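Step one of this worksheet: look at the structure below.
In what follows, chains are A, B, ... by sequence order, proteins preceding strands, each numbered from 1. Values in this document were obtained by computation on a predicted structure and should not be read as measured data.
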Amino acid sequence: MAILCEPVVCQRAVKLCLHPFIGFLFIRWEEEKYEDGVKWRFLEHSGPYFPPEYQPLPDNVHFYYDGKKVKLSLAAEEVALFFAQMLDHEYTTKKVFRENFFKDWRKEMTDAERSLIQDLGKCDFGEIHAMHKAKVEARKNMTKEEKQALKEANQKIVDEFGYCLLDHHRERIGNFKIEPPGLFRGRGEHPKQGMLKKRIQPEDIIINCSKEACIPVPPAGHRWKEVRHDNTVTWLVSWTENIQGSIKYIMLNANSKLKGEKDWEKYEVARKLKSCVDNIRSQYRSDLKSRQMSTRQRAVALYFIDKLALRAGNEKEEGETADTVGCCSLRVEHITLHEQMDGKEYVVEFDFLGKDSIRYYNKVPVIKKVFKNLKLFLENKQPGDELFDRLYTSMLNKHLSSLMPGLTAKVFRTYNASITLQEQLKELTNKSDSVAEKLLSYNRANRAVAILCNHQRAPPKTFDQSMATLQSKRKKAAVKRCEEQLLKMEIQATDREENKQIALGTSKLNYLDPRISVAWCKNMGLPVDKIYNKSQRDKFAWAIDMTEVDFEF
DNA sequence: GTAATAACTTAGCACTCGCCCG
DNA sequence: CGGGCGAGTGCTAAGTTATTAC
């Protein structure tokens, strides 16, 4: 395999010295020179915060089966309440949801209950549902004092459980609360929707902290499953959830040193790709002619991943999750080839459900060699067959890491997102623009990335109405106010309209090197808080600190 | 070599909260 | 000064990738 790039690995300290690192980041970095894989020296925390115990229904609220009042056991009653709470949701009418729920609910019943309750259709959760709605209503109508008291109680919980001590730093924890029990929903057509997500007990919990630290105290009468001292991982608490059998973790907040450094590294790898992407592109273009079918498939997949920012697309176990795909797992039915379309040659029409069951629909002209290969891959295949039947994400990533250390499929998304933002900002903004115009341009650049990465959202429920309001304000303002304000509102309206189905947050938070944005703000004379809110400024503190006006991704 | 597992990032949606308008 | 609304935040599902187990 050709090595196309200089390795980037194992040069942490050296890498840093290349940068105008200032303030705490530098000091913090200097103090930790850990051997490979070690994430901390000292870790102390309070353990997880458990949701409140189940409160039995009051005596005047009843469950009915086949028209008759039935007093349920505590365990069965709790699960009945989960279902009753969701009754306003459309998915409680879905067959899969109902069947999964009923099956799991029956497991929680006593023998007597189980022999009585055999048909979900005969269950009447009406009173329980009404009680729940009344509770929600009551919470909304709390007095100021009650709300204040609640807020203070919550703050106390955050103070006690929300922080940990990692080496010499007090760090905010990302998710210190144990996920409460309920009915699993999942996204899209999930085969496990409606299943009971069980209550987590201290006996399910693994605690990770350092040997010298105070070990968190389990709730009275309970003990932890295990206490371990593994400083090669970053999690504080873990447990296994019962729906997929996967492990859940409590980890640090994005504004922590540990996460910040990782984030910085991610963008440095993406920048490294910038310097060798031309070589990598010519390599996979020449691989399109390979005699090896698997190499050709890899080349076409790479072409898509690079050009369209598709995800890698791991194999998934059938029946365990919704039927979604990424690049390597595309099937015959997900693409249609058009020799000619809309006046363009060699158009590939994509239509598939990706991560979170978000639809990816795109018509893309491709180079002839890619088109011909796709035709070849489709020969003698049926819908349901894999397009890239000789390709696995593991092979792809192995190949990529041989081209550049640290390179994997997802780096292309980061790289293409960041480079697109930088180019769009250059193209769209002028120093002489007004603040509102600059922000519109920034959002448009952000939007270009979100579209590339297919970050969609459901149009806000009140969209049409609020759009109309904004439009009419426009007219009122025109009558009585100066043109500048008119312009500002027009710009806002444009921004919102263009953003109807696009989610900017994901790319801003995960794909766009924050130094591009910070440098742009400096260039444009805009305060950073015009584009980053408080938590974004926290997360990107490292970039805000170190970025010079002339930063180039 | 392949499958399973572990660890970590990425993702959209629901809810909350604070601000603005009538 | 209450209600509506959008921005911000919390939540946790759903990905990717490296590592481990067989």
Side-chain angles (χ1 to χ4, degrees), chain A residues 37 39 51 89 136 139-141 144 147 150-151 154 158 162 174-180 182 184-188 190 192-193 197 206 208 230 232-235 238 240-241 243-254 258-259 262-263 265-266 305 311-317 320-322 324-329 353-358 392-398 400-401 406-414 417 450 453-458 460-463 465-467 469-470 473 492 496 499 501-511 532-536 538-539:
Chain A
K39 307 290 169 59
H89 279 108
V136 171
R139 203 149 49 109
K140 239 183 8 202
N141 296 329
K144 243 186 190 157
K147 279 183 182 165
L150 196 67
K151 208 175 160 183
N154 280 332
V158 173
N175 58 324
F176 58 88
K177 289 178 175 168
I178 294 288
E179 296 171 17
F184 179 79
R185 176 60 187 88
R187 315 260 165 85
H190 203 295
K192 298 196 170 187
Q193 63 189 89
K197 176 169 150 171
I206 301 173
N208 193 32
D230 182 354
T232 67
V233 295
T234 66
W235 55 268
S238 75
T240 303
E241 56 87 31
I243 303 289
Q244 318 275 1
S246 67
I247 307 174
K248 299 261 182 157
Y249 303 91
I250 291 183
M251 290 180 184
L252 296 187
N253 190 282
L258 210 62
K259 295 277 190 190
K262 200 79 189 300
D263 211 34
E265 274 175 28
K266 174 183 79 185
I305 285 170
R311 296 185 185 83
N314 286 297
E315 300 293 315
K316 298 166 78 186
E317 209 178 327
E320 292 292 300
T321 60
T324 63
V325 296
C327 185
C328 296
S329 50
L353 297 181
K355 182 177 177 179
D356 295 315
S357 292
I358 296 289
Y392 303 94
T393 53
S394 51
M395 289 161 51
L396 186 73
N397 280 333
K398 208 167 246 174
L400 289 175
S401 72
L407 186 62
T408 61
K410 84 198 260 285
V411 177
F412 282 88
R413 259 169 96 80
T414 313
C453 294
N454 200 41
H455 291 145
Q456 295 191 36
R457 63 169 184 179
K461 286 178 185 121
T462 53
F463 184 83
Q465 207 221 311
S466 77
M467 202 63 212
T469 314
L470 201 62
K473 268 184 208 168
Q492 278 178 17
R496 196 179 302 178
N499 212 39
Q501 300 210 61
I502 310 293
L504 300 184
T506 300
S507 51
K508 215 182 211 182
L509 227 46
N510 299 307
Y511 289 107
Y532 286 147
N533 66 33
K534 176 76 174 75
S535 63
Q536 289 164 344
D538 274 358
K539 171 168 177 174

(Q) Using the side-chain heavy atoms of A/Tyr249, tell me which of these nucleotides is nearest: B/dA11, B/dA7, C/dT12. (A) B/dA7
Q: Could you state the atom-to-atom distance from CZ of A/Arg187 to P of C/dC11 in whole Å?
A: 15 Å
**Q.** Distance, rounded to the nearest Å, where A/Ile250 contributes CD1 and B/dC8 contributes P
**A.** 14 Å
**Q.** Distance test, side-chain N/O of A/Thr408 to OP1/OP2 of C/dT17, below 4.0 Å
**A.** yes
(Q) Is A/His190 close enough to C/dA13 that one of its side-chain N or O atoms is under 4.0 Å from OP1 or OP2 there? (A) no
Q: Go through the side-chain N and O atoms of A/Lys316 and A/Thr324 and say whether any donor and acceptor fall under 3.5 Å apart.
A: yes
Q.
Looking only at side-chain N and O atoms, does A/Glu315 offer a donor or acceptor that is under 3.5 Å from a partner on A/Ser329?
A. no
Q: Can you tell me the distance, in whole Å, between the CG atom of A/Asp538 and the P atom of C/dG8?
A: 13 Å
Q: Examine C/dA14: is either OP1 or OP2 under 4.0 Å from a nitrogen or oxygen in the side chain of A/Ser246? Give yes or no.
A: no
(Q) Check this one for me: any side-chain N or O of A/His89 less than 4.0 Å away from OP1 or OP2 of B/dA14? (A) no
Q: Send over the distance from A/Gln193 CD to C/dT12 C1', rounded to a whole Å.
A: 16 Å
Q.
Is it the case that the base of B/dT10 and the side chain of A/Lys410 share a donor-acceptor contact (distance under 3.5 Å, atom types as modelled)?
A. no
Q: Report the distance from atom NZ of A/Lys147 to atom C1' of B/dC17, rounded to the nearest whole Å.
A: 9 Å
Q: Provide, to the nearest angstrom, the distance between the CG atom belonging to A/Asn510 and the C1' atom belonging to C/dT16.
A: 13 Å
Q: For B/dC8, take OP1 and OP2 only and decide whether either is under 4.0 Å from a side-chain N or O of A/Lys39.
A: yes
**Q.** A/Lys248 NZ to B/dC8 P, straight-line distance once rounded to whole Å
**A.** 16 Å
Q | Side chain of A/Asn314 (C-beta onward), nearest among C/dT12, C/dT17, B/dT16 | A | C/dT17
**Q.** Check: A/Ile178 and A/Pro51 side chains under 4.5 Å, non-hydrogen atoms
**A.** yes
Q: Let me know the distance between NZ of A/Lys534 and P of B/dC17, rounded to the nearest Å.
A: 17 Å
Q | Short side-chain to backbone donor-acceptor contact, A/Lys539 and A/Ala254, under 3.5 Å | A | no
Q.
Closest approach to the side chain of A/Thr324, judged atom by atom: which nucleotide of B/dA11, B/dC8, C/dG15 is it?
A. C/dG15
Q. For the side chain of A/Asn397 and the backbone of A/Thr408, is there at least one donor-acceptor N/O pair under 3.5 Å apart?
A. no
(Q) If the cut-off is 4.0 Å, is A/Arg185 near the phosphate of C/dT12, judged by side-chain N/O to OP1 or OP2? (A) no
Q) Distance check: side-chain N/O of A/Lys197 vs OP1/OP2 of C/dA13, anything under 4.0 Å? A) yes
Q: Ignoring backbone atoms, test whether A/Lys151 places a side-chain nitrogen or oxygen under 4.0 Å from the OP1 or OP2 oxygen of B/dG18.
A: yes
